[in-house]
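Please read all numbers here as calculations on a predicted model, not as lab measurements. Throughout, protein chains are lettered first and strands after them, A, B, ... in sequence-line order, and every chain is numbered starting at 1.
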Protein chains: 2
Amino acid sequence: MSTSAGSRAEQTLLLDDQLCFALYAASRAVTARYRPLLDELGLTYPQYLVMLVLWEQDSISVRDLGTALQLESSTLSPLLKRLEAAELLRRERRPEDERSVAIRLTEEGAALRERAGAVPPAMGNAMGLTPEQDAAVKQLLRLITSNVTAG
Amino acid sequence: MSTSAGSRAEQTLLLDDQLCFALYAASRAVTARYRPLLDELGLTYPQYLVMLVLWEQDSISVRDLGTALQLESSTLSPLLKRLEAAELLRRERRPEDERSVAIRLTEEGAALRERAGAVPPAMGNAMGLTPEQDAAVKQLLRLITSNVTAG
DNA sequence: CCCTAATCAGTTGTGCACGACTTAATAGCG
DNA sequence: CGCTATTAAGTCGTGCACAACTGATTAGGG
């Protein structure tokens, strides 16, 4: 910023200089904005993400769900139990490998997809980015995730 | 939906199209990367953010801390209690307004700042963004937060 | 001056997140 | 074939987040 023009941005201890805080604050703000929309579907935000995966690919293992969402089984197991209690999905051991559990949508879970269709447009509108900004920030976030997850 | 070039990005139900998921995944990945660094300081990530604020402005109220970090007192109160138990700060009712509680660093808490100085450069390096990318993503994240927090 | 409304910090209950661990089942090497 | 290492899902403990609420205190209008 001031003197040394290093290859990196200044790295102070000021809160508002921290990219990590901008990320953390934005993530929580966006989740908060989703909440009323998802309340109408009876879902929390992480539950909504699980349903997104299932609407794309039904009958997925807990393991593959964890890979898609980057979540541990210790997070997913209780969450899936709640979605099962809500009658949105079923869990059954795979006969060909009894270690694995297949997650399948119920009719009710599959039907919820239609009502969920209104959510992404509403949120896109709330975020108020141009398509170019949306694409740019998505790409940069993936770059960060990739860089930070490696080594 | 597929063809029409509307003013917004496509709004499907595919997980990987969702900006919200990119945000959520990046935020958790970054926090995870911080964890070993902060473990050495004996801090969690939200505790680290609180300390950042206190290193900037000592003797701050719980309310103003909440404004800075966009966190509720129901989140901050237990967190501050843990930091007080760790001897990093003290809480005392303000004589001039007994509703308010002033948070003050202990010597130990103030001293931790030096060791924390290594954290932002290490994380900046891990994220691996150019200064331009860093600035761009910070600006976009603030725009999202601002848009989504309004109305 | 009183008294009602607003403000502040904190408690409680629910649901993530994640590390450390457990249990069960399978893979694959000798 | 037998045995050990690996894998899958789940439990448990800790610490956020946040809504709904409580209790104490102060502000400000009538």
By side-chain hydrogen bond (donor to acceptor under 3.5 Å, both in side chains) - contacts of B:R99 (at least two apart) = B:D97
Throw together a table of side-chain donor-acceptor distances under 3.5 angstrom for residues 42-49 of chain A, partners on residues two or more places apart or in other chains.
unit_1 : atom_1 : unit_2 : atom_2 : d
A:T44  : OG1    : A:Q47  : N      : 3.3
A:Y45  : OH     : B:C20  : O      : 3.1
A:Q47  : OE1    : A:T44  : N      : 3.1

Under the criterion side chain to side chain contact (heavy atoms under 4.5 Å, CB included), which of A:L83, A:L54, A:L80 is the partner of A:L88?
-> A:L83
Interatomic distance where CG belongs to B:D64 and C1' belongs to C:dT7 [whole Å] | 13 Å
At a 4.0 Å cut-off to heavy atoms of chain B, the contacted part of DNA chain D spans D:dG15 to D:dT26
Report the end-to-end axis angle of the helix from C:dC1-D:dG30 to C:dG30-D:dC1; each axis comes from five terminal pairs, and the value is rounded to 10°.
-> 10°
When you check every protein heavy atom under 4.0 Å of nucleotides 10-19 of chain C, what one-letter string (B, S, -) results, 5' to 3'?
-> BBB--SSBBB
Residues at least two apart in sequence or cross-chain that pass side-chain hydrogen bond (donor to acceptor under 3.5 Å, both in side chains) with B:Q139, listed by chain then number, are none
Which part of the nucleic acid, if any, lies within contact of A:S61, taking any heavy atom under 4.0 Å across all strands shown: a base, the sugar-phosphate backbone alone, or nothing?
-> sugar-phosphate
Can you pull the salt bridge (charged side-chain N to carboxylate O under 4.0 Å, His left out) pairs that have at least one residue in residues 55-81 of chain A, sequence neighbours excluded?
-> none
How many Å lie between CZ on A:R99 and P on C:dA25, as a whole number?
-> 11 Å
Could you tell me which residues satisfy salt bridge (charged side-chain N to carboxylate O under 4.0 Å, His left out) with A:R104, sequence neighbours excluded, listed by chain and number?
-> A:E92
B:R94: salt bridge (charged side-chain N to carboxylate O under 4.0 Å, His left out) partners, not counting sequence neighbours = B:E96
Report the residues that fulfil salt bridge (charged side-chain N to carboxylate O under 4.0 Å, His left out) with A:R115, sequence neighbours left out, ordered by chain and then residue number.
-> none
Residues passing the side-chain hydrogen bond (donor to acceptor under 3.5 Å, both in side chains) test with A:R91, sequence neighbours excluded, are A:E84
Scan residues 72-116 of chain A for pairs that pass ring-ring contact (aromatic ring centres under 6.0 Å, His included), counting only residues two or more places apart or in two chains.
-> none
